[in-house]
Colleague: 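Just dropping this structure here.
Whatever order the structure lists ligands and atoms in, that order sets their numbers, starting from 1.
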Amino acid sequence: MRPWNEREQAAPHTVRTARVMDAEVSPLALDALRFDNRYVAELPGDPVAENYRRQVSACYSRVLPTPVRAPRLIGWSAQAAALLDLPAEVEDARCYAEVFAGNRVLAGMAPIATCYGGHQFGNWAGQLGDGRAINLGEVVNRRGERWTLQLKGAGPTPYSRSADGLAVLRSSLREFVCSEAMFHLGVPTTRALSLTLSGEEVVRDILYDGHPAAEPGAVVCRVAPSFTRFGHFEIFAARRDASLLQRFLDFTIATDFPELVQEADAKRRYLGWFAEVTARTATLLVHWIRVGFVHGVMNTDNMSALGLTIDYGPYGWLEDYDPDWTPNTTDAATRRYRFGQQPAVAQWNLLQLANAIYPLIGEAEPLNAILNDFATRYASEAQSANAAKLGLPSYAEDSDEGLFAELFALLGCVETDMTLFFRNLAHVDLNAATIDPLLDAYYQTAALSPAVRERTEAWLAHYAARARAVGEPDAVRVSRMNAANPLFVPRNYLAQLAIDQAETGDTALLDEWMAVLRRPYDEQPGKERFAAKRPEWARHRAGCSMLSCSS
Ligand code: AMP
Ligand code: MG
């Protein structure tokens, strides 16, 4: 995509209320979108039509996106577009910008904000809801798949509480890039179709230190089978509305878990559903740890009931391997959401979900059994993932514990780039296992004391012996490693560089980077800089090593 400032300027925008688009002016592909909005059709809605902040005793409120002055499309995911049968290149950027910034509501869309609650940093926070997200509608594509379109940053809703319902380019670009990168990494995630500048300024105090500044506003159009969160169940349980809770769970099973519908016994059906959510969440966490992702705000309202990564805010990617690292400045004091604690937090969040659906089950024991399964399942899937990271066909219960314990101890003992370490490990010659192929992964080679070097080489010898004992051709080990260890992850400082450039109106770096991130496991000659470890200047720069929720 060309830099937006080189493109045709958007016409001065005068329409101040969203309206149904005139069919004659809509391009063919948008016009062909078919909507079937089950959320609205099958669940109870808020009887109040006005858009003001309030408590809502229903599943959703109808709300229109707030029109913006000069929308400009600056990012488009051809892969997400394909899910909706939309073209890889938009036919009319202005028209698409109008739709995906929320200025024009297409026929068939039924915009809503949904009601949910949540535990934030361990405390029940009451009603939260889509404060800056608006579901436009549910698209049914040619293959019969159902995809909900959701605008993030398209203006206030009844759930906006004291905030503005908007989002800035900085955080929107980060969400756009990371959603798509995660998909290509093979990690379950919500998708991002488009990134649109609103042409409006949005004021944010990035470091919460009394220095508010205007930033370019933006809207991301997210795409997922549904955006249902643990918090959706929690709010009805907290209000002791068992009938709405049951209705919502039945709806969720019917739309998102149709394979579970056939279980005629309601209690067994709900337990089967909870077991499935638990299993998906365990798998999700194994992926996060495998690729070095730190979500940053694992509140229960940010946990997808579908086991997807959802709500990219102050997330970060592990650079040097540090299980205690959290990217979120709001989390700095307690580090609740630090890298290594994420699986435990996920289980705690599942416990909140279990509490929420308890009124429909009436016994704690089967719910507890499923929660305990989380730990077992997580441990076993993590072992397989770790084995794959070392190119081993499986984890050997009786002999591999020491191999992995020493590996992770070594990674933590000098500043080591996790991504490069695992990637470079594939280059180690098993017959002459030296540390040389790994050197590029260390942030300061000088910090590699002779003792650490020796210990690392001893570990390499152990590893080489283990891998040789498998008896497979080396190419098998290497290809297994390269399929488990990405070379390109959306590194924090690269996001900041893409943001800095996009804020000047140039999206060249964003476009090039997105293309690289589509093949994260492949070496891409000429694109090495997108795999480089964090440069020194980024070590303490806001946006690179620490992020705030102010987005
Ligand atoms: P988060 O933890 O950032 O996903 O958001 C927690 C809650 O705050 C959710 O209900 C969001 O919709 C809401 N929220 C976050 N930012 C804004 C904003 N700028 N305007 C309105 N609501 C917001
Ligand atoms: Mg959220």
Side-chain angles (χ1 to χ4, degrees), residues 51-56 59-61 63 65-66 68 102 111-135 148 150-172 174-175 178-179 189-190 192 198 200-206 208 212-220 222 224 226-235 238 294-306 308-316 326-331 336-337 342 345 349 352 547-551:
N51 187 1
Y52 62 90
R53 277 73 162 173
R54 60 182 177 269
Q55 294 289 308
V56 175
C59 292
Y60 64 88
S61 306
V63 60
T66 303
V68 296
I112 55 165
T114 73
C115 182
Y116 56 80
H119 280 83
Q120 297 185 313
F121 295 91
N123 304 305
W124 174 243
Q127 178 181 298
L128 297 167
D130 290 324
R132 57 164 165 177
I134 296 179
N135 290 0
T148 298
Q150 182 181 80
L151 300 185
K152 181 166 175 182
T157 75
Y159 309 94
S160 297
R161 297 176 292 153
S162 58
D164 57 11
L166 304 175
V168 294
L169 173 59
R170 169 170 55 84
S171 63
S172 304
R174 282 167 47 82
E175 172 139 24
C178 200
S179 310
T189 180
T190 61
S198 64
E200 312 266 354
E201 289 193 331
V202 174
V203 175
R204 289 287 183 267
D205 185 356
I206 300 190
Y208 302 119
E215 300 185 44
V219 179
V220 170
R222 311 198 284 194
S226 88
F227 291 89
T228 299
R229 302 145 189 273
F230 290 8
H232 278 102
F233 302 91
E234 289 181 276
I235 190 73
V294 195
H295 183 284
V297 210
M298 286 179 72
N299 294 332
T300 55
D301 52 301
N302 292 335
M303 293 292 291
S304 154
L306 277 61
L308 307 172
T309 313
I310 191 171
D311 280 12
Y312 293 88
Y315 69 82
T326 175
N328 184 355
T329 50
T330 313
D331 190 33
R336 179 180 176 86
Y337 297 141
Q342 294 182 110
V345 170
N349 288 343
Q352 307 317 311
L547 293 129
S548 75
C549 289
S550 159
S551 58

Colleague: Which atoms of ligand 1 have any heavy atom of R161 under 4.0 Å away?
Modeller: 7 (C), 8 (O), 10 (O), 13 (C)
Colleague: So, is D311 placed with an N/O/S atom under 2.8 Å from the Mg ion (ligand 2), counting both backbone and side chain?
Modeller: yes
Colleague: Is the distance between the Mg ion (ligand 2) and the nearest N/O/S atom of N299 smaller than 2.8 Å?
Modeller: no
Colleague: Give the numbers and elements of all ligand 1 atoms closer than 4.0 Å to a heavy atom of D164.
Modeller: 18 (C), 19 (N), 20 (N)
Colleague: What atoms of ligand 1 come closer than 4.0 angstrom to any heavy atom of G165?
Modeller: 18 (C), 19 (N), 20 (N), 21 (C)
Colleague: Note the single closest protein heavy atom to atom 5 (O) of ligand 1, along with its residue, its atom name and the distance in Å.
Modeller: D301 OD2, 4.4 Å
Colleague: Have Y208 and T330 got a donor and an acceptor in their side chains that come within less than 3.5 Å?
Modeller: no
Colleague: Any idea which atoms of ligand 1 are less than 4.0 Å away from a heavy-atom of L166?
Modeller: 19 (N)
Colleague: Among side-chain atoms of H119 and E234, is any donor-acceptor pair under 3.5 angstrom?
Modeller: yes
Colleague: Need the ligand 1 atom indices (1-based, order shown) with element for anything under 4.0 Å from a heavy-atom of Q120.
Modeller: 6 (C)
Colleague: Tell me the protein heavy atom at minimum distance from atom 18 (C) of ligand 1, and give that distance in Å.
Modeller: A163 CB, 3.4 Å
Colleague: Given K152, R132, Q127, R229, identify the one with the heavy atom nearest to atom 17 (C) of ligand 1.
Modeller: R132
Colleague: List the closest protein heavy-atom neighbour of atom 4 (O) of ligand 1: residue, atom name, distance to the nearest 0.1 Å.
Modeller: N302 OD1, 3.0 Å
Colleague: Do N299 and ligand 1 have an N or O pair less than 3.5 Å apart?
Modeller: no
Colleague: Quick one: nearest non-hydrogen protein atom to atom 21 (C) of ligand 1, plus distance?
Modeller: G131 O, 3.2 Å
Colleague: Which of the numbered atoms in ligand 1 are under 4.0 angstrom from any heavy atom belonging to R204?
Modeller: 19 (N)
Colleague: Any sub-3.5 Å donor-acceptor pair from D331's side-chain atoms to R336's backbone N or O?
Modeller: yes
Colleague: Among protein heavy atoms, which lies nearest atom 10 (O) of ligand 1, and at what distance?
Modeller: G129 O, 2.6 Å
Colleague: Indicate the atoms forming the closest heavy-atom contact of H232 with F227, along with that distance.
Modeller: CE1-O, 3.6 Å
Colleague: Going by the side-chain contact (heavy atoms from CB on, under 4.5 Å) test, name the single residue among T300, N299, N349, D311 that passes it with R229.
Modeller: D311
Colleague: Report yes or no: is the cationic atom of R174 (NZ for Lys, CZ for Arg) under 6.0 Å from the centre of the six-membered ring of Y312, at an angle within 45° of the ring normal?
Modeller: no
Colleague: Quickly, which of E215, R204, R132 forms a side-chain hydrogen bond (donor to acceptor under 3.5 Å, both in side chains) with S551? Name it, please.
Modeller: R132
